[in-house]
Amino acid sequence: MKRQYLVPLLALLVLVLGGVFAAGACGDDDGGNGDGNGNGVSSDLDDIAAARGLTPEDMKHALQQFVPPGEYDDYVMFASGGHSGQVFVIGMPSMRILKVIAAFTPEPWQGYGYGADWGDTVLAGGNPEGVELTWGDTHHPALSETAGDYDGRWLYVNDRANGRVAMVDLQDMRTKQVLAIPNIQTSHGGLFVTPDSEYAMITSKFPMPWPPGTYAGSDEYADVYRGASAWLKIDQTNGRINMDESFQLELPPYTQDLADAGKLVSAGWGFFGSFNTELSVGADFDEALSEPIGDPMEAGASRNNFDYLHLINWKAAEQLIADGKYEMIGGQRVIRIETAVEEGILYLIPEPKSPHGIDVSPTGRYLVVSGKLDPHVTIFDFEKVEAAIAAEDFEGFDDYGIPILNYDSVLAAQVEVGAGPLHTQFDSKGHGYTSLFLESAVAKFTLGDDVVTGGEAPFELVDKISVHYNIGHLATAEGDTVTPDDNYLVALNKWSIDRFAPIGPLHPQNFQLIDLVDGEGPMDLIADMPIGIGEPHYVQIMKADKLSALELYAAGTDALTMDTHPEAIDAGEEKVERDGNNVTVWMTAVRSHFTPDIVRVKEGDNVTLHITNIEQTRDATHGFAIAHYNIQASLEPGEVATFEFVADKSGAYNFYCTEFCSALHLEMAGWFLVEPSDAVAALD
Ligand code: CUK
Ligand code: CUA
């Protein structure tokens, strides 16, 4: 039976591979059957399939995912790394990991956080006063946009564990800025970037006592705890966040959740969901009775049938800031709730039931929210929202005085999609795709008939596919732009249970690549990709040809500023200067030596090393590490790095190049000689 299906498929493979052979890509074929005889290839493939027990379906999927050696992927995916604190760069459809970008966590391969000035400076920027954080929990990466399309310039990502943001320069895929955002202790909503990259927005997750830095017990939760929505101004010249031009809005102490930016018809607005409008703080523990008193958090926070979608008019907020209608709180310009209400820039919409995702459709018209405990997606119509605001069509006000838009007036539709809906993505044909956590599936439904093509009825479930297992986010290619593609969807599954060889109790998360068949056919699961390096939450997927990454740095570059490093030197300019117990060394690195090879200092000296990698050849990276000094840099071609440290351990320490750069790489080493201080004393 199988054979019947196999034959036409193999004919197709022969055609495809025949083309490859004809193009001369197989000149050295030594397989014994590549003699131009198509039948030989056919029987080869047939044999391979039989030997490996592959079905025609398997073979089709393998071909769909296959990117030949030396060829590039069509897309690059930027995945948050969860509690690894990093960002993963993955080629799609091959699902090959191209890089882990160090963001919140020190990373030795990139020499990030091991003594070199770039990483140490960047990481230090993310330390709130008096705290040294050495990890983060990256959740939501957001690519910079121009006119609502990813533009390949920068990437931003939030740290769920702390109120922090990292900014990555896509020229060299290195993190250039980590910032602790005042008034936000933990962050979740967002991170999103507005359609012309004016702002990166994050909201707090759990509220904190205000003013920041004060203590308040849980009995003061409703009165004293507050959340914040931070609008972080992006410098258009270099992607950096400028805190002086940023602003915030004070929020009620709900637990603000996922967020998305308005676009096209809803441009100028931002949206984020919330849960725990009950203001539950969890159960206290009675120490005498050894038992909890009251509802645990998850029960207390799930009593209400509706929580609130928040709507913020950030364009109008900008004007309020310009008009001085703010207070300085935690060093930031903050619009208080009262002002936001008075000025009509903050509204709520009831959303059912323990909501999580909010996703704005490509035209900006539909706001799709999902309640984890409700089997529907609930779709609001932004045109109706505008009308309701204009007509002051409110069903009431929350306890903080914020108007609540009339639910029925702004509702477009509800679509029953299945159990545990979380997040939604879109294609260009009027479809939404929603992840179903409890059901381990992706549901596909139609939006309104203004955007549905292909004659489908509006607001209907049209397809569903199982994934493995417990999907969180999902992403379509170019999925958060105004022009999403219709070919691929990636399911970001939390569990993988039985999919991979057993490696112990901690299983990898699992990405699954799904073919959307031009947004028309039934969805088809192509491939699995285990992620054994942290738990990604969200990804954005960009066309690879939008990248314009550097091949190497211009000679003497400071990776932080991208300008010439003030201490850059050429070959022949190496020198050592001593001033009291300050020793400064200007060193070069080139295949296959450091100059100088020997650095002599005395115990207790303040040492400054400036190392220039004078290579101008692609991929000619040298590392620099000193034994026992916890120093490690990645000196990429053209790059200069500076180390400043105290030679506090006497001894003869080897330093060496950590990248296998040449035939004499192992010889690319030297000595860091730290004379003991008693020897110094004896000499004096
Ligand atoms: S959250 Cu992780 S599955 Cu942080 Cu975007 Cu929904
Ligand atoms: Cu330079 Cu190895």
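When a ligand or atom number is given, it counts from 1 through the structure's own listing order. As the structure is a computational prediction, the values presented were derived from the model and not from experiment.
Every pair tested for salt bridge (charged side-chain N to carboxylate O under 4.0 Å, His left out) that includes a residue from residues 177-187 fails, sequence neighbours excluded, so the list is empty.
For the pairing with Y629, the ring-ring contact (aromatic ring centres under 6.0 Å, His included) check across Y653, F643, F655, Y114 returns one residue only, Y653.
Taking the ring centroids of F275 and Y254, they lie at or beyond the 6.0 Å cut-off. Between F382 and Y366, a ring centre-to-centre spacing not shorter than 6.0 Å is recorded.
Using a heavy-atom distance under 4.0 Å as the criterion, the protein contacts of ligand 1 are H139, H140, H188, L258, H356, H423, G472, H473, K494, H537.
One finds no salt bridge joining D137 and R160 here, because no Lys/Arg side-chain nitrogen approaches an Asp/Glu carboxylate oxygen to under 4.0 Å. E551 and R618 are joined by a salt bridge, as a carboxylate oxygen and a charged side-chain nitrogen come within less than 4.0 angstrom of each other. Using a cutoff of 4.0 Å between basic side-chain nitrogens and carboxylate oxygens, E107 and R174 are not scored as salt-bridged.
In this structure K464 satisfies the salt bridge (Lys or Arg N to Asp or Glu O under 4.0 Å) test together with E439, sequence neighbours excluded.
The count of protein N, O or S atoms under 2.8 Å from atom 1 (Cu) of ligand 2 stands at 4, with waters excluded from the count.
With T476 contributing its side chain and F426 its backbone, the two residues share a donor-acceptor pair below 3.5 Å.
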